[in-house]
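As a basis for the values below, the full set of heavy atoms in this structure was taken, side chains included, without hydrogen atoms, waters or symmetry mates. Labels below follow one simple rule: chain letters A, B, ... track the order of the sequence lines, proteins then strands, and each chain is numbered from 1. Model, not experiment: these values are computed from the prediction.
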Amino acid sequence: MHMFTIIKKDRNSKARLGVLKTAHGIVKTPSYVIVGTYGQIRYLSPSDIKKTKTQLIIANTFHLWKVANKKPLKFGKISTMTDSGGFQVLSLAFSDKNKAGKFMTGTPDANTKLKRDKIKITSNGVYFAFNGKRLFLGPELSMKIQEKIGADIVFAFDHITSPLDTYAYNKKALELTDKWAKICLKHKGKNQALFGIVQGGLFKDLRIKSAKSIGTMTFDGFGIGGSYTKKQIAKVLKWIIPHLPEEKPRHLLGVGKIEDIFEAVENGIDTFDCVIPTREARHGRLYTKKGTIDIRRGYFSKDKKVIEPSCGCPTCSKKISRSQISALLKNPIRKQNTKGQRLCLMHNMWFFNNLLEKIRKSIAKNRFIEFKKKTLTNFLSQY
RNA sequence: GCGGGCGUAGAUCAAUUGGUUAGAUCGCAUCCCUGUCACGGAUGAGGUUGCGGGUUCGAGUCCCGUCGCCCGCG
């Protein structure tokens, strides 16, 4: 499947400009991928989404399978991806509500042993519990479900690890990921691009081994999983990227803070997805050039300015003020009236997509590194 | 003027027959959210219980006075 074309490579970094063609449209890369786990962006209508410069949306196999009954994805001209469900298997194993991210942070420590006692991993897949039910998901089933959901790009069912996992555990996980990758290739859906996933934790030799192994399989592109902080991302990408085929697209899974985006692009990543723009929008954290604001703060209830004057998003261009958004978001009946979340979502999504557009322009002019410095200096200056 | 009621965090209200460092919710503040079990989470700052006396080992709680607000009757 010849879906990806590189248009230009940055002179001063590994950043590259590309075009990803799918049945639904054309994706200019580097591109942010907006997360719509359940096959929709909560609180946004299709026409709302169109106004946010969104090119790609990623949904989740696990959620669509158990909750939405494999409903096919419908996003018009926006291209789609589905994640394999491999991540859920890990997060469900730790299951602390709102603390799922915790298993990702921290440094490897001989005294820390992660207990995956809520799941059972076999060579065929993973047994796990969800809402009191015992379930199984493996590479074959994941591929079948993903074919029914029908995204343009699907991911192989992999075994993600945590930075807290040992070398030995990562090595085993890697063997499973490789084995499952081959199974996924055999069950690849028609008219779908399949991306294999590189794992290996924070261990150089394992990462290189994984990149070489997955990189030589007949995948249409590659995902990189299991790196979670800015420093880890840069380090891991520098190990992996030289061993992946140049001409195929590379997706960094689950990454997307502002600082991380630049690290990823600089090191040769084409796409990456993250819940941050959408989740934080729903929680009232809004992005501006000078940093973020929490619109729920009392201060903003009297602030008649727009979120960001120079912003071209649907919310700011309609001159909707911070105080209006604040009032909507803090309204006790917001569970019925979700207009506030909608306005915040459109702003953040536009902000991230627009930032990527600027990044693409900077690469075209060989000015990516300068643009990175300027943008981060402004963004981290805060108010 | 007479009778009755009520005054407890910024707001709305709790506090067993008077009994330890007066609670809750919202609000406020700070921090957080990285392949979404996530319209969320964590922490924290705010009260000489209107004011002044009294009874008591001990008063937000009982008594007296005073101020303010509400209701009824004149």
When rounded to the nearest Å, what value does the distance between [atom1] atoms of [N] and [M] take?
| N | M | atom1 | answer |
| --- | --- | --- | --- |
| B:A29 | B:U21 | C1' | 24 Å |
| B:G41 | B:U34 | C1' | 16 Å |
| B:U20 | B:G60 | P | 10 Å |
| B:C32 | B:U36 | C1' | 16 Å |
| B:G50 | B:C28 | C1' | 24 Å |
| B:C62 | B:U56 | C1' | 10 Å |
| B:U55 | B:G72 | P | 39 Å |
| B:G65 | B:U48 | P | 27 Å |

Checklist entry - Does A:Lys66 place a side-chain N or O at less than 4.0 Å from the phosphate oxygens OP1/OP2 of B:C37? => result no
Checklist entry - Is any side-chain nitrogen or oxygen of A:Gln88 closer than 4.0 Å to OP1 or OP2 of B:G35? => result no
Please report, rounded to the nearest Å, how far the [atom2] atom of [N] is from the [atom1] atom of [X].
| X | N | atom1 | atom2 | value |
| --- | --- | --- | --- | --- |
| A:Glu280 | B:C31 | CD | C1' | 12 Å |
| A:Phe87 | B:A38 | CZ | P | 12 Å |
| A:Leu44 | B:U36 | CG | P | 18 Å |
| A:Phe352 | B:C33 | CZ | P | 12 Å |
| A:Arg296 | B:U30 | CZ | C1' | 12 Å |
| A:Tyr32 | B:G35 | OH | P | 9 Å |
| A:Tyr43 | B:C39 | OH | P | 6 Å |
| A:Arg285 | B:C31 | CZ | C1' | 9 Å |

Any donor-acceptor pair under 3.5 Å joining the side chain of [X] to the base of [N]?
| X | N | result |
| --- | --- | --- |
| A:Arg279 | B:G41 | no |
| A:Arg42 | B:U36 | no |
| A:Thr278 | B:U36 | yes |

Checklist entry - So, are A:Glu263 and A:Lys238 salt-bridged, with charged N and O less than 4.0 Å apart? => result no
Checklist entry - Is a salt bridge present between A:Arg322 and A:Glu308, judged by a nitrogen-to-oxygen distance below 4.0 Å? => result no
Base, sugar-phosphate or nothing for [X]? Non-hydrogen atoms, less than 4.0 Å.
| X | value |
| --- | --- |
| A:Ile197 | base |
| A:Arg342 | nothing |
| A:Gly298 | sugar-phosphate |
| A:Tyr38 | sugar-phosphate |
| A:Phe157 | nothing |
| A:His63 | sugar-phosphate |
| A:Gln199 | base |
| A:Asn60 | sugar-phosphate |

Sequence neighbours left out, cut at 3.5 Å: what donor-acceptor pairs do the side chains of residues 122-141 of chain A make with other protein atoms?
from: A:Thr122; atom 1: OG1; to: A:Asn124; atom 2: N; distance (Å): 3.1
from: A:Thr122; atom 1: OG1; to: A:Gly125; atom 2: N; distance (Å): 3.4
from: A:Thr122; atom 1: OG1; to: A:Gly125; atom 2: O; distance (Å): 3.3

Could you list the residues that satisfy ring-ring contact (aromatic ring centres under 6.0 Å, His included) with [X], not counting sequence neighbours?
| X | answer |
| --- | --- |
| A:His63 | A:Tyr38 |
| A:Tyr43 | none |
| A:Phe300 | none |

Item to check | B:G46 glycosidic torsion: syn (within 90° of 0) vs anti | outcome: syn
What nucleotide, of [options], holds the atom closest to the side chain of [X]?
| X | options | answer |
| --- | --- | --- |
| A:Lys257 | B:C37, B:U36, B:U34 | B:U34 |
| A:Arg282 | B:U36, B:C37, B:G35 | B:U36 |
| A:Asp294 | B:C39, B:C32, B:C37 | B:C32 |
| A:Arg297 | B:A29, B:C28, B:C32 | B:A29 |
| A:Ser84 | B:U36, B:G35, B:C39 | B:G35 |

Next on the checklist: Which residues pass the salt bridge (charged side-chain N to carboxylate O under 4.0 Å, His left out) test with A:Lys66, not counting sequence neighbours?
Outcome noted: none
Item to check | A:Val154 side chain near A:Ile149 side chain, heavy-atom distance below 4.5 Å | outcome: no
Checklist outcome for this item: Residue pair A:Ser301/A:His159 against RNA chain B: nearer the 5' end by closest nucleotide is A:Ser301
Checklist outcome for this item: Pairing string of RNA chain B (Watson-Crick or G-U wobble, both atom distances under 3.5 Å; | = paired to other strand) is (((((((..((((.....[...)))).(((((.......))))).....(((((..]....)))))))))))).
Next on the checklist: If you count heavy atoms of other groups shown closer than 6.0 angstrom to NZ of A:Lys8, is the number above 12?
Outcome noted: yes
Next on the checklist: Please tell me whether A:His251 and A:Asp270 have a donor and an acceptor in their side chains that are separated by less than 3.5 angstrom.
Outcome noted: no
